[in-house]
There are 2 protein chains.
Amino acid sequence: MAGLKQVQRQTGVALWRQIADRIREAIGTGAYDETGMVPPETVLALQFGVNRHTVRSALAALAQEGIVRAVQGRGTLIERKERLNFPITRRTRFTAGIGDQARETRGLLLDEAREGASAEVARWLGLKPGEQVVRLETLRHADKRPVSKATSWFPAARFAGIGEAYRKHESITKAFAELGLSDYVRATTEVTAAHASTADLADLELTPGAILLIAKAMNTDLDGVPVQYSISRFAADRVQFTIEN
Amino acid sequence: MAGLKQVQRQTGVALWRQIADRIREAIGTGAYDETGMVPPETVLALQFGVNRHTVRSALAALAQEGIVRAVQGRGTLIERKERLNFPITRRTRFTAGIGDQARETRGLLLDEAREGASAEVARWLGLKPGEQVVRLETLRHADKRPVSKATSWFPAARFAGIGEAYRKHESITKAFAELGLSDYVRATTEVTAAHASTADLADLELTPGAILLIAKAMNTDLDGVPVQYSISRFAADRVQFTIEN
DNA sequence: CTAAAATGTCTATTGATATAGACAACCATA
DNA sequence: TATGGTTGTCTATATCAATAGACATTTTAG
């Protein structure tokens with residue numbers, strides 16, 4: 001376990017960033033749970049085969065993220081360590097999915113627009129390109145920390161008031177209910193990963209280089225008619241998905 | 001579509017690498033299918049808001065990967081374009097999942113070991129920690145390109161010869177069949193994303209900073225008894241997962 | 001109280017990254 | 001064959017990333 005951890009040079013990714021990513025991951029998997037601290041800078045420098053200053057740059061980045069806190073004379077303490085689990089099933093819902101993993105969840109409506117459906121959106125919602133849809137940009141929190149940012153499209157003919165309803169209830173499920181849709185199911189989910197865009201970095205309180213888990217999902221009513229297509233971006237170091245079959 | 005594409009400075013990730021990643025992704029999603037070429041260097045430089053030399057560094061990296069080929073006087077041609085789709089269902093199998101997306105698939109056995117189950121492995125396989133398991137490290141190709149690397153554990157009592165059988169058939173499904181297990185189902189799948197380790201980078205022919213989609217999966221026989229626990233790492237820019245409910 | 005161990009700060013040097021400008025070489029086509 | 005558009009090459013400069021060493025400051029343990 002204490003073997004030589006490797007980093008690669010001249011790849012366009014700074015060593016301090018590679019090291020920061022490794023340490024963040026190690027914290028997430030509980031590697032330092034016994035002490036609650038990161039190993040000393042000199043030890044890390046030896047393990048990664050780099051200068052102590054390079055390790056310090058990595059730790060400074062993690063401190064900026066609020067993951068660790070350095071205390072002179074003592075060491076570098078782990079402040080935060082979290083990874084929420086999201087079950088993806090036929091009955092996937094954001095708030096219910098978090099369940100007892102957080103005490104308080106919120107849903108913030110960042111933007112609402114009525115627009116013509118793009119080819120992609122039209123295909124998923126079973127519309128013709130250009131047909132009117134409502135687009136919502138939402139940001140979801142768990143215990144006051146941003147967890148995911150989502151862009152959702154709804155057929156405008158059926159769900160014209162979805163934005164207002166979401167703003168009131170802070171929940172898609174309740175907004176649907178107010179508009180007369182009492183139940184819906186997850187039809188399909190596509191999962192990918194990518195680096196975050198600038199806008200997503202800011203809203204999700206991430207640092208550049210961070211990874212997103214991206215879920216493209218389509219929900220239908222009980223008759224199989226598409227009611228929502230959404231692209232949700234999750235901070236990869238804060239969540240994982242679980243698919244139960 | 002021709003809007004300002006964004007890159008971030010002072011993040012520890014070189015601009016040329018960020019740009020290379022964006023272009024690779026754009027190629028993968030078919031953004032340049034009409035011409036079969038990447039836009040001219042001067043146009044890309046304008047779109048990303050960087051110097052032309054920086055774009056050239058990015059394109060050089062993609063050329064090194066064999067994704068594009070620059071031709072003086074004409075432009076930069078797209079050589080290869082790939083993103084495989086993996087359905088995750090109760091009947092998930094690697095080879096069958098690829099289906100007609102590739103002509104030839106191979107499964108290479110990198111390593112085989114018999115060992116005591118760790119706490120995590122024991123939990124998933126329903127064993128006591130320390131009970132004997134067989135661990136296989138496998139590398140799967142589609143059309144001669146590495147797609148995923150997997151670590152799998154099997155109860156040693158029941159599947160002692162799984163390594164030999166896999167080496168012969170290059171398929172878990174066929175190896176199971178040889179050992180008397182004619183059918184099995186996917187019980188649960190956990191999906192996360194992370195930066196690749198050095199070993200995975202090499203085997204999957206990736207550059208540092210590349211993102212992995214990680215699927216932790218547990219398969220059972222038809223009686224619900226666990227037969228396999230595996231951690232598969234996929235190059236995120238080459239694959240996506242689809243969950244149909 | 002002292003020593004060891006840990007983080008904090010400073011200076012200096014080297015190589016990688018990014019910008020800027022100029023011009024050569026090559027290709028397609030009018 | 002002339003021209004415009006494209007990639008290839010060169011020089012120069014400024015900033016970031018990484019190494020190296022020295023020493024200060026703080027905490028913990030003996």
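Chain naming here is simple, since letters A, B, ... match the order of the sequence lines and numbering starts at 1 in each.
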Test side-chain hydrogen bond (donor to acceptor under 3.5 Å, both in side chains) on S148(B) and R140(B) and set out the steps.
CA-CA 5 Å; S148(B) 80; R140(B) 293 174 288 201; 2.9 Å; yes
Can you name the closest pair of heavy atoms from V43(A) and P39(A) and give their distance?
CG1-CB, 4.2 Å
Which atom pair, heavy atoms only, marks the closest approach of L59(A) to E41(A)?
CD1-CG, 3.7 Å
For the base of dA20(D), is there a side-chain donor-acceptor partner from H53(A) under 3.5 Å away?
yes
N/O donor-acceptor pair under 3.5 Å between [X] side chain and [Y] backbone:
{"X": "E115(A)", "Y": "V133(A)", "result": "no"}
{"X": "Q228(B)", "Y": "M218(B)", "result": "no"}
{"X": "S230(A)", "Y": "S232(A)", "result": "no"}

Please identify each residue that fulfils salt bridge (Lys or Arg N to Asp or Glu O under 4.0 Å) with D203(B), with sequence neighbours left out.
K149(B)
Expressed in angstrom and rounded to an integer, what is the separation of [X] atom [atom1] from [N] atom [atom2]?
{"X": "R52(A)", "N": "dT19(D)", "atom1": "CZ", "atom2": "P", "result": "14 Å"}
{"X": "N51(A)", "N": "dA22(D)", "atom1": "CG", "atom2": "P", "result": "13 Å"}
{"X": "L44(B)", "N": "dG5(D)", "atom1": "CG", "atom2": "P", "result": "17 Å"}

Enumerate all atom pairs, one protein N or O and one N or O from nucleotides 28-30 of chain D, separated by less than 3.5 Å.
unit_1, atom_1, unit_2, atom_2, d
dT28(D), OP1, R74(A), NE, 3.2

State, to the nearest 10°, the angle formed by the axis through the first five base pairs of the helix from dC1(C)-dG30(D) to dA30(C)-dT1(D) and the axis through its last five.
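Terminal axis comparison yields 30°.
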Answer yes if the side chains of R17(B) and S57(B) hold a donor-acceptor pair under 3.5 Å, and no otherwise.
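The criterion, which ignores hydrogens and geometry beyond distance, is not satisfied for S57(B) and R17(B).
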Yes or no on side-chain contact (heavy atoms from CB on, under 4.5 Å) for T151(A) and L136(A), after CA distance, side-chain angles and deciding distance?
CA-CA 6 Å; T151(A) 307; L136(A) 302 187; over 6 Å; no
Check this for me: does any side-chain nitrogen of one of E112(A) and R135(A) sit under 4.0 Å from a carboxylate oxygen of the other?
no
Quick one: label T76(A) by what it contacts on the DNA or RNA (base, sugar-phosphate, nothing), any heavy atom closer than 4.0 Å.
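The answer is sugar-phosphate, as T76(A) gets under 4.0 Å only of primed atoms, P, OP1 or OP2.
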Go through DNA chain C in 5' to 3' direction and return only the first and the last nucleotide with some atom under 4.0 Å of chain B's heavy atoms.
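Range of nucleotides touched by chain B: dT17(C) to dA28(C).
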Can you identify which nucleotide, out of dT6(D), dT9(D), dT19(D), has its nearest atom closest to the L15(A) side chain?
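It is dT19(D).
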Which sits closer to the 5' end of DNA chain D, V71(B) or V71(A), going by the nucleotide each is nearest to?
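Mapping each residue to its closest nucleotide by heavy atoms, the 5'-most match is V71(B).
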Report the residues that fulfil side chain to side chain contact (heavy atoms under 4.5 Å, CB included) with R114(B), sequence neighbours left out, ordered by chain and then residue number.
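Side chain to side chain contact (heavy atoms under 4.5 Å, CB included) check on R114(B) returns Q132(B), A156(B), A160(B).
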Protein N or O to nucleotides 13-16 of chain D N or O, pairs below 3.5 Å:
unit_1, atom_1, unit_2, atom_2, d
dC16(D), OP1, Q10(B), NE2, 3.1

Quick one: does L44(B)'s side chain get under 4.5 Å of I23(B)'s, heavy atoms only?
yes
Should the pair F234(B) and F241(B) be assigned to parallel (<30°), tilted (30 to 60°) or perpendicular (>60°) ring geometry?
perpendicular
